[in-house]
Amino acid sequence: MVSEAATGDVMDLPGIPEDTIDLGERLDPVRTLLRRTAGGDRRAAGALLDVLGPRIHGLAVHVTGSAARASALTVSVLRSCLRDAAELAASGLPGEAAVLDRARRAALATRPSGDVRSLVSPAAANDRTRDRREVDVLRVLLVLPLPQRALVESAAQGRFAATGAERPGAATALAQVLDALVPLAGPEDPELRALAALDALALADPSEQARLKEIARGPETAGVHRHAIEAAARLTLLTAVPPSRDLHVAVLEGFAPEPVPAPAPEAAYSGDYATPVLGTDSQRRMVGPPARPGAAPAAAPGVSAPSAPTPVPSGGEQSAPDAAPSFAFRPGDEAERGRRARRRRRQQARAGTRRTPWISRTLAALLAVAALVLGGLLVTTRGDLAEAEEFTDTWTTLSLSPEAQLVPGLSDNGTWQAVIAEDGVALRAEGVAGWDGEVLELWGETDRIARSLGVLDLSRDGEIAFTADGTADRLLVTREIAPGSGSGSPSPRVVATLDRGISGI
């Protein structure tokens with residue numbers, strides 16, 4: 001069915017030896033590899049295996065359910081593609097679509113078996129080719145409803161269970177997905193698009209193939225079939241699985257060696273050149289082309305040669321050139337190759353290697369210090385942010401609990417506020433000044449019995465955020481000798497009082 005998908009406008013295109021010359025829509029690197037492979041280029045054949053081998057092998061794995069069968073099938077398909085490289089390169093399909101269409105039909109001819117795998121699951125990400133076109137294919141599949149996505153994933157792996165009256169509707173759904181991957185263009189005939197989608201996925205039965213051949217005779221209708229095959233090739237991006245062993249030896253065995261190119265004709269010899277000649281400065285000499293019988297010897301630049309009559313050569317000999325090129329040895333060439341110059345270059349290289357480690361060590365030390373400082377700041381910032389979020393959540397939860405009460409504080413040192421509930425206490429304060437050698441301790445009084453709720457942590461900005469379990473009728477903040485809570489009772493040095501029995505505050 002590949003040859004039937006060719007259209008007249010594509011086949012009439014001018015022949016381009018290398019498709020990569022055209023940077024328009026005709027850019028087709030795989031077709032270039034096929035053309036080079038048809039000419040006996042072994043490196044192009046190996047590159048073709050590297051590019052399409054994982055996609056052919058992955059499709060075979062998903063269809064057959066066996067890695068061993070998939071490996072054998074991949075070798076067989078790739079060998080046939082190398083053998084028919086010229087035919088595939090000349091077809092109306094892009095090179096990639098032509099090869100993958102042959103691989104799909106060969107894989108489905110083995111009767112699919114095994115489980116159908118999800119093509120969009122995270123577990124399948126490691127088996128893909130990481131081609132940038134995968135993103136477009138995934139976007140198309142992810143927006144589909146689950147039943148339609150399952151239908152497309154099954155069809156991409158050679159399974160199509162719809163029969164009878166359900167078959168046309170399922171084929172139309174497949175055509176819509178292929179049209180989203182590669183626009184099918186052409187006439188909007190539902191039957192044509194559905195049959196083209198089934199045949200592109202190698203799922204059409206003989207009667208459907210005959211009907212498609214009947215209605216896809218024109219260039220526009222054949223273009224729908226060709227675009228459907230290109231879209232089916234895009235789906236193999238999600239089924240790609242790299243082979244577990246190198247297939248180059250098995251596939252390229254018996255491949256025709258790369259032909260040795262004929263040597264290019266030697267360019268015409270003309271012009272004057274200055275080139276170094278082996279020897280020392282005292283042995284400088286002028287050299288020229290080999291002497292020809294009957295030709296005048298070449299003269300050095302600036303030295304006039306005696307004129308001599310040039311005999312006319314016989315018919316079998318070539319005439320001597322009008323001006324024989326001369327070669328001059330330059331003093332600068334000898335200086336560049338002298339012992340002193342080599343010694344000077346070695347000394348400069350040693351000096352450079354001595355200075356380089358100090359610079360690199362200094363930069364490495366500065367980068368390490370900067371990384372440590374930034375890491376410490378990042379850890380501290382994250383810790384403070386986490387504590388602030390935790391305190392905010394606790395404050396909100398206690399405020400929304402039944403019989404919770406928001407209690408302001410009486411103090412001449414900062415602004416105090418607390419939430420007292422049945423399940424706990426949350427306290428916060430701003431603008432609090434601390435004392436050297438003393439700590440602030442929170443006490444809860446219930447029935448005039450005080451118990452310590454803990455020592456408050458005062459930040460550098462004079463802020464306090466504290467939570468504790470249990471409840472109390474009144475809260476007291478006192479100054480205690482560090483580490484605090486040693487006496488078991490609050491000291492008379494009260495900093496703040498928060499009493500929910502006091503009203504009008």
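Nothing here was measured: the structure is a model prediction, and the numbers come from that model.
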request  = Could you tell me the separation between the CG atom of Leu48 and the CG atom of Leu78, rounded to the nearest 0.5 Å?
outcome  = 7.0 Å
message = What's the separation between atom CG in Asp41 and atom OG1 in Thr32, rounded to the nearest 0.5 Å?
response = 11.5 Å
message = Given 3.5 Å as the limit, does a donor-acceptor pair link the side chain of Glu220 with the main chain of Gly186, or not?
response = no
message = Using the rule given for side-chain contact (heavy atoms from CB on, under 4.5 Å), can you reason through Phe160 versus Leu201, listing the C-alpha separation, both sets of side-chain angles and the distance that settles it, and then say yes or no?
response = CA-CA 10 Å; Phe160 190 67; Leu201 294 169; over 6 Å; no
query = With a 4.0 Å cut-off, would you call Arg167 and Glu208 a salt bridge?
reply = yes
task = To the nearest 0.5 Å, tell me how far Leu52 CG sits from Cys81 SG.
result = 8.0 Å
ask   = Does Arg55 offer a backbone N or O that forms a donor-acceptor pair with the side chain of Thr236 under 3.5 Å?
value = no
request  = Decide, yes or no, whether a salt bridge links Glu96 with Arg133 under the criterion of side-chain N to carboxylate O below 4.0 Å.
outcome  = yes
request  = Verify the neighbour count for atom CD of Glu390: are there more than 12 heavy atoms of other residues, nucleotides or ligands below 6.0 Å?
outcome  = no
Sidechain-backbone polar pair: Ser154 side chain, Ala150 backbone, donor-acceptor under 3.5 Å = yes
task = Report, as yes or no, whether the 6.0 Å neighbourhood of atom CG on Asp115 holds more than 12 heavy atoms from other residues, nucleotides or ligands.
result = no
Note: Arg211-Glu191 ion pair, threshold 4.0 Å (strictly below) = yes
message = Tell me whether Asp101 contacts the main-chain N or O of Ile229 through its side chain, where contact means a donor paired with an acceptor under 3.5 Å.
response = no
ask   = Can you find a pair of side-chain heavy atoms, one from Arg79 and one from Glu253, that are under 4.5 Å apart?
value = yes
request  = For the pair Ser91 (side chain) and Leu88 (backbone), establish whether a donor and an acceptor sit closer than 3.5 Å, ignoring hydrogens and angles.
outcome  = yes
query = Does Asp179 use its side chain to pair, donor to acceptor, with the backbone of Leu184 at less than 3.5 Å?
reply = yes
ask   = Would you call Arg193 and Glu188 a salt bridge, taking side-chain N to carboxylate O under 4.0 Å as the test?
value = yes
query = Is the shortest heavy-atom distance from the side chain of Arg69 to the side chain of Thr74 under 4.5 Å?
reply = no
remark   = CG of Leu235 to CG of Leu119, rounded to nearest 0.5 Å, is 7.5 Å
ask   = Are Asp461 and Ser459 close enough that a side-chain donor and a side-chain acceptor fall under 3.5 Å?
value = no
inquiry  = With rounding to the nearest 0.5 angstrom, report the CG to CG distance, Leu144 to Leu151.
reply    = 9.5 Å
query = Is a side-chain N or O of Arg226 found less than 3.5 angstrom from the main chain of Pro94, in a donor-acceptor match?
reply = no
query = Heavy atoms, side chains only, cut-off 4.5 Å: are Val61 and Thr239 in contact?
reply = no
Side chain to side chain, Leu192 and Leu212, heavy atoms closer than 4.5 Å = yes
message = With heavy-atom distances below 4.5 Å as the criterion, would you say the side chains of Leu82 and Leu252 are in contact?
response = yes
query = So, do Val152 and Val140 sit near enough that their side-chain heavy atoms are less than 4.5 Å apart?
reply = no
Arg102/Asp84 salt bridge by N-O under 4.0 Å criterion = yes
request  = Kindly say whether Ala156 contributes a backbone atom to a donor-acceptor pair with the side chain of Arg104 at under 3.5 angstrom?
outcome  = yes
query = Does Ser71 reach the side chain of Arg245, with side-chain heavy atoms less than 4.5 Å apart?
reply = yes
request  = Could you tell me whether Asp457 atom CG has more than 12 heavy atoms of other residues or ligands within 6.0 Å of it?
outcome  = no
request  = State whether Asp28 and Arg35 are salt-bridged, where the test is any N-O pair (Lys NZ or Arg NE/NH1/NH2 against Asp/Glu carboxylate O) under 4.0 Å.
outcome  = no
query = Is Arg234 reaching over with its side chain to a backbone N or O of Glu134, donor-acceptor style, under 3.5 angstrom?
reply = no
task = Check for a donor-acceptor pair, side chain of His57 on one end and backbone N or O of Gly53 on the other, with a separation under 3.5 Å.
result = no
query = OG1 of Thr221 to CD of Glu214: how many Å apart, nearest 0.5 Å?
reply = 11.5 Å
